[in-house]
Protein chains: 2
Amino acid sequence: MISKKTKYAINALVYLAKQDNNNPIRISDISESQNIPQKFLEAILLDLKKAGILASKKGKGGGYYMLKAPKEINLAEVMRLFDGAIALLPCVTYNYYERCEECIDEETCGIRDVFYEVRNKTVELLKKADLEQIIKREGNLKNII
Amino acid sequence: MISKKTKYAINALVYLAKQDNNNPIRISDISESQNIPQKFLEAILLDLKKAGILASKKGKGGGYYMLKAPKEINLAEVMRLFDGAIALLPCVTYNYYERCEECIDEETCGIRDVFYEVRNKTVELLKKADLEQIIKREGNLKNII
DNA sequence: AATTAGTCTATCGGATGTATAGAGTAATTA
DNA sequence: TAATTACTCTATACATCCGATAGACTAATT
């Protein structure tokens with residue numbers, strides 16, 4: 001399961017990416033419209049800013065706005081930022097590799113082999129899912145109904 | 001990430017499935033050969049027994065042995081048994097569905113749409129991975145080296 | 001100068017994951 | 001039927017993480 005932090009982050013990003021212009025949006029606006037606890041959201045937005053995805057403006061008329069283009073931000077990136085590794089086993093991650101202590105021979109581990117496949121497929125799907133595409137998907141789903 | 005419990009369970013199952021005959025194996029044997037803390041392993045084996053995957057025999061010459069055929073046990077089943085849902089969002093699980101509290105419209109949620117795909121692919125891959133196949137994979141990996 | 005809004009630090013309760021201890025029970029064998 | 005072996009159950013400990021909140025601080029704008 002992904003953490004609430006990641007989920008909130010994605011929701012906030014989609015919300016910001018949906019704005020017509022790129023004017024700053026107040027934290028309290030995002031918080032209320034997306035049902036995210038405000039103080040919790042503050043920390044999340046800060047992290048997104050540090051990651052170079054968002055930027056902020058202080059003072060009256062301030063708030064957060066997109067720095068990167070929606071197409072350049074995908075769910076794999078956001079998940080890694082808040083939850084760390086995407087893989088289900090530490091021994092099949094790109095960025096957070098760790099040997100399984102109890103493992104006898106990693107090279108010939110059939111279990112690892114399976115989870116390696118799972119990770120590859122998952123990352124592939126999550127990378128394809130950028131903010132622009134997610135918004136398009138919403139449009140499609142609305143048309144179906 | 002899957003829990004150690006799940007990982008230990010899989011390792012113990014593969015170990016038991018590899019035995020030539022289906023004689024009972026002592027907990028202490030599994031524990032030592034697979035580097036799993038014995039007391040922790042006891043609880044895991046009990047769960048696997050309750051799930052109808054293993055059976056046990058008490059007294060001298062006793063231990064745990066396979067009840068189901070290795071081909072009938074796949075990683076999706078084991079993961080669900082110990083870690084619960086496989087999906088990354090509660091709103092896209094088969095067996096543990098829960099609405100996201102903060103969600104505004106589930107039906108048209110683009111994020112959900114993505115994670116729905118990820119879950120389907122993951123479950124597909126994990127279901128294909130039964131114990132027999134895992135053991136075959138190990139054989140293949142050994143031949144490559 | 002006053003206002004508005006983001007930034008930082010600290011903290012907290014609760015849940016979960018990993019692991020261990022020890023007493024108790026049941027089956028087997030000799 | 002006693003001794004042995006091994007499984008079963010309950011309780012507990014500890015660390016870590018997660019979700020959330022409080023409050024003081026700082027910086028930009030009007």
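Reminder, nothing fancy here: chain letters follow the sequence lines and each chain counts from 1.
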message: Treating Gln133(A) as the side-chain partner and Lys128(A) as the backbone partner, does any N or O pair qualify as donor plus acceptor under 3.5 Å?
response: yes
task: Would you indicate, yes or no, if dA28(D) has its OP1 or OP2 atom less than 4.0 angstrom from a side-chain nitrogen or oxygen of Ser56(A)?
output: no
query: Does Arg119(A) make a cation-pi contact with Tyr94(A) (under 6.0 Å, within 45 degrees of the axis)?
result: yes
At a cut-off of 3.5 Å, list every protein nitrogen or oxygen paired with a nitrogen or oxygen from nucleotides 22-26 of chain D, distance to 0.1 Å.
| unit_1 | atom_1 | unit_2 | atom_2 | d |
| --- | --- | --- | --- | --- |
| dG23(D) | O6 | Lys39(A) | NZ | 2.4 |

- line: note: Ile25(B), atom CD1; dT5(D), atom P; distance rounded to Å ~ 18 Å
message: Using side-chain heavy atoms (C-beta onward) and a distance below 4.5 Å, is Ile135(B) in contact with Glu138(B)?
response: no
Any Lys49(B) side-chain N or O less than 4.0 Å from OP1/OP2 of dC7(D): no
message: Less than 4.5 Å apart, side chain to side chain, heavy atoms only: is that true for Leu89(B) and Ile111(B)?
response: yes
- prompt: So what does Gly63(B) touch, heavy atoms closer than 4.0 Å: a base, only the sugar-phosphate, or nothing?
  reply: sugar-phosphate
task: Report yes if the side chains of Leu125(B) and Val114(A) come closer than 4.5 Å at any heavy-atom pair, otherwise no.
output: no
field: Glu117(A) with Lys121(A): basic N within carboxylate O range, under 4.0 Å
entry: no
Contacting residues from residues 84-102 of chain A, given that a heavy atom lies under 4.0 angstrom of DNA chain D: none
message: Please evaluate residues Lys127(A) and Ile86(A) with respect to the criterion side-chain contact (heavy atoms from CB on, under 4.5 Å), reporting the C-alpha separation (whole Å), side-chain torsions for both, the decisive distance (0.1 Å), and the verdict.
response: CA-CA 11 Å; Lys127(A) 272 197 176 167; Ile86(A) 289 170; over 6 Å; no
Residue Phe40(A), side-chain atoms from C-beta onward, closest of dA19(C), dT21(D), dT29(D): dT21(D)
- prompt: CG of Asn35(A) versus P of dA20(D): gap in Å, rounded?
  reply: 12 Å
message: Assess, by modelled atom type and distance only, whether the side chains of Ser31(B) and Ser28(B) contain a donor and an acceptor separated by less than 3.5 Å.
response: no
field: Below 4.0 Å: OP1/OP2 of dG19(D) and any side-chain N or O of Tyr8(A)
entry: no
query: Is any side-chain heavy atom of Leu46(B) closer than 4.5 Å to a side-chain heavy atom of Tyr64(B)?
result: yes
field: Among dA20(D), dT8(D), dG6(C), the one nearest Lys4(A) by side-chain distance
entry: dA20(D)
query: Expressed in angstrom and rounded to an integer, what is the separation of Lys57(A) atom NZ from dG6(C) atom C1'?
result: 13 Å
message: If you define the side chain from C-beta out and look only at heavy atoms, does anything of Met66(B) sit under 4.5 Å from Ile73(B)?
response: yes
- prompt: Rounded to whole angstroms, how far apart are CG on Asp47(B) and P on dT8(D)?
  reply: 11 Å
field: First of Lys60(B) and Asp83(B) reached from the 5' end of DNA chain C, by closest nucleotide
entry: Asp83(B)
statement: Rounded to whole Å, CE of Met79(B) lies from P of dG17(C) at a distance of 12 Å
query: In whole angstrom, what separates Ile36(B)'s CD1 from dA19(C)'s C1'?
result: 13 Å
- prompt: How long is the line joining CD1 of Ile27(A) and C1' of dC8(C), in whole Å?
  reply: 12 Å
statement: In whole angstroms, the gap separating C1' of dG6(C) from CG of Leu41(A) amounts to 12 Å
Under 4.0 angstrom between Tyr64(B) side-chain N/O and dT8(D) OP1 or OP2: yes
